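Counting starts at 1 for both ligands and their atoms, in listed order. Note that the structure is a prediction, hence the values are computed from the model and not measured.
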Amino acid sequence: MNDQTAQGFLRFPDGFLWGAATSAFQIEGALDEDGRGPSIWDTFTNQPGKIYKGQNAREAAGHYHRWAEDLELMRQLGLGAYRFSTAWPRIQPGGSGPANQAGLDFYDRLVDGLLERGIQPFLTLFHWDLPQSLQDAGGWTTPRTAEHFAEYARLVANCLGDRVRHWITLNEPISVTVQGHLFGEHAPGLQDPFAALQSAVNQLRAHGLAVQALRSELPAGARVGITLNFNPVHPASASEEDRTAAHRIDTFANRLFVEPLYTGRLPADLLDMLGPLAAAIQPQDVEPAASPLDFLGVNYYSRLVVRHQPDIPFVEAQQVFPNGNEYSQMWEIYPQGLYDLLTWLHDAYRPACIYITENGVPVPDGIDRDGRIRDYRRIRYLRDHLFQVHRALEAGVPVNGYFVWSLLDNFEWAFGYQMRFGLIYVDFDTLERSIKESGRWYSEVIRRSGFDPQLNHC
Ligand code: FCB
């Protein structure tokens, strides 16, 4: 029996791209090398109490020096695409002005190495490592940062635009807004609702200006998009109050960014909810964000279940953790949410093309006596989520590729090295790499362009 006729085999369309993702700060290390300037994450990780066990990303996965080895591992896995980010503080150490050639050279070599191996580069311009000097001047709370971002996009496009076809402006702006400016769990560590709102508006502007800059620099055929993360929101009960609470959270978590991209306006109910806080903002302030996109990058990990809680400002809602479902170290495992999300995006906004730019799970795995890393929970997670992607494809959603988060175990922000997301295990003492069972499984999925959901690997 070949792959097509095997009973139950889920085959993905020809040309479907199979990838893995990383981000600069989480894997590179070498924070002081070749002229890199400090970022807000350098500053944040140096503050006591912010990161698990006081860890930092000075070495991270050591990718800055081991990039060639990592390219070989990608080739062994058979990846068709690799999503990485360029570090703004390597390219403009002070956040503006001419490019630091040594910083650009690193990505230049990486891109050549990918293309030599037949792996398509997906380049993210901003994955949270804002140059510290821009933060000192107001960071995402000032519109100047949006202009600087467009300048930076232009520099990178000038250098790599002849070889990189897929460009992603921002990664998960809602995380920067909520975790970075409202809850203070991420850099820059602010807990200020007004700053959070400004950061959302200015990131939307930055995205819009960067799209225009990229379009003017890049050759015809370049594809420009953004990566947003989504969490379908469910009410904890059928009560009117819980359903209203779910709607409010949904507005923040899922519509704040996608709606301006496709309509040029902030959701009206969002501004109502913010009341006097939103007085300085007009729905059309984000009009530049509506420059047409070639694709939407979607990150999916989990859903949110919420109940009414009048003490919580603005949203009057609180997350709860329902019993009876499987959980990972960070989130509930809810594969169905990916299908629901993809069909909702398709119905509501009709993106021309979708890439799942992140999906994955932290598993506390380790090396067994025989040298293998049996991360079967990760295989199960990936299989169950790919099953939902396949369902969405059958329902007509234009999903063109899927990237596992992550290629390598890495520095998981405030959780430090506690959370391992990689298809490849990294020993953080020696920086030695070993392909996990999930990596071998994924490699087979890529080779056959699909998998048999009946097969139990766990
Ligand atoms: C996403 C981030 C990524 C990684 C995963 C687990 O929110 O984009 O850097 O931390 O979560």
Side-chain angles (χ1 to χ4, degrees), residues 19-29 39-41 44-45 50-52 55-57 60-61 63 82-88 122-130 168-183 185-187 199 203 207 225-232 252-254 256-258 296-304 319 327-334 337-338 341 355-365 375 377-378 381-382 385 402-424 426 438:
T22 61
S23 87
F25 191 76
Q26 292 178 277
I27 62 166
E28 287 179 356
S39 82
I40 57 172
W41 271 95
F44 193 69
T45 49
K50 302 293 188 199
I51 311 295
Y52 175 74
Q55 292 169 343
N56 61 59
H63 170 77
Y82 173 56
R83 174 177 176 236
F84 65 98
S85 74
T86 47
W88 190 347
F122 273 59
L123 187 154
T124 305
L125 286 162
F126 180 70
H127 200 126
W128 304 356
D129 44 358
L130 188 75
I168 294 169
T169 55
L170 306 177
N171 176 70
E172 296 195 358
I174 190 71
S175 304
V176 171
T177 295
V178 172
Q179 284 162 288
H181 293 79
L182 188 62
F183 296 157
E185 299 160 348
H186 280 183
S199 82
Q203 286 183 89
H207 161 76
I226 186 173
T227 281
L228 303 182
N229 57 316
F230 297 92
N231 298 81
F252 273 98
N254 297 318
L256 165 54
F257 285 94
V258 76
L296 178 65
V298 171
N299 291 357
Y300 176 76
Y301 290 94
S302 186
R303 67 165 174 171
L304 292 169
Q319 188 179 4
Y327 281 79
S328 72
Q329 287 172 290
M330 285 168 76
W331 299 294
E332 183 192 353
I333 296 178
Y334 192 74
L338 182 51
L341 165 62
Y355 289 99
I356 314 287
T357 41
E358 288 182 26
N359 177 234
V361 66
V363 173
D365 46 35
D375 56 337
R377 290 186 72 190
R378 177 169 294 107
Y381 180 98
L382 298 176
H385 285 76
Y402 172 91
F403 294 73
V404 175
W405 182 270
S406 181
L407 177 72
L408 301 168
D409 290 337
N410 60 51
F411 178 77
E412 176 47 37
W413 310 113
F415 290 101
Y417 301 99
Q418 191 196 358
M419 303 299 173
R420 291 183 175 274
F421 275 91
L423 295 169
I424 295 171
V426 177
S438 61

Check if Asn171 has a non-hydrogen atom at a distance under 4.0 Å from any atom of ligand 1. yes

Can you pull out the closest protein heavy atom to atom 5 (C) of ligand 1? Residue, atom name and distance to 0.1 Å, please. Tyr301 OH, 3.3 Å

Atoms in ligand 1 flagged as close to Phe421, the criterion being non-hydrogen separation under 4.0 Å: 6 (C)

For atom 3 (C) of ligand 1, what's the nearest protein heavy-atom neighbour? Residue, atom name and distance, please. Glu358 OE1, 3.4 Å

Is the positively charged end of Arg83 above the ring of Phe403, judged by distance under 6.0 angstrom from the centroid and angle within 45° of the axis? no

For atom 10 (O) of ligand 1, the closest protein heavy atom turns out to be Glu412 OE1, 2.7 Å

Looking at His127, which atoms of ligand 1 are within less than 4.0 Å of one of its heavy atoms? 2 (C), 3 (C), 8 (O), 9 (O)

If we only count N/O pairs under 3.5 Å, is Ser23 in contact with ligand 1? no

Side-chain donor or acceptor of Asn231 paired with backbone N/O of Asn254 under 3.5 Å: no

Considering residues at least two apart in sequence or located in another chain, which fulfil the salt bridge (Lys or Arg N to Asp or Glu O under 4.0 Å) criterion with Asp129? none

State the atoms of ligand 1, each with its element, that fall below the 4.0 Å cut-off from a heavy-atom position in Trp413. 3 (C), 4 (C), 9 (O), 10 (O)

Check whether any side-chain heavy atom of Arg377 lies under 4.5 Å from a side-chain heavy atom of Tyr381, and answer yes or no. no

For Asn299 and Thr227, test the side chains for any donor-to-acceptor distance below 3.5 angstrom and give the result as yes or no. no

With Glu172, which residues qualify under salt bridge (Lys or Arg N to Asp or Glu O under 4.0 Å), at least two apart? none

Can you find a non-hydrogen atom of Met330 under 4.0 Å from ligand 1? no

Using a 4.0 Å heavy-atom cut-off, which part of Met419 comes near ligand 1: side chain, backbone, both, or neither? neither

Exercise: do Asn359 and Tyr402 side chains pair donor with acceptor under 3.5 Å: yes

Distance only, no hydrogens: is a donor on one side chain within 3.5 Å (strictly under) of an acceptor on the other, for Tyr82 and Thr22? yes

Shortest protein contact, atom 7 (O) of ligand 1 (heavy atom only): Glu172 OE1, 2.6 Å

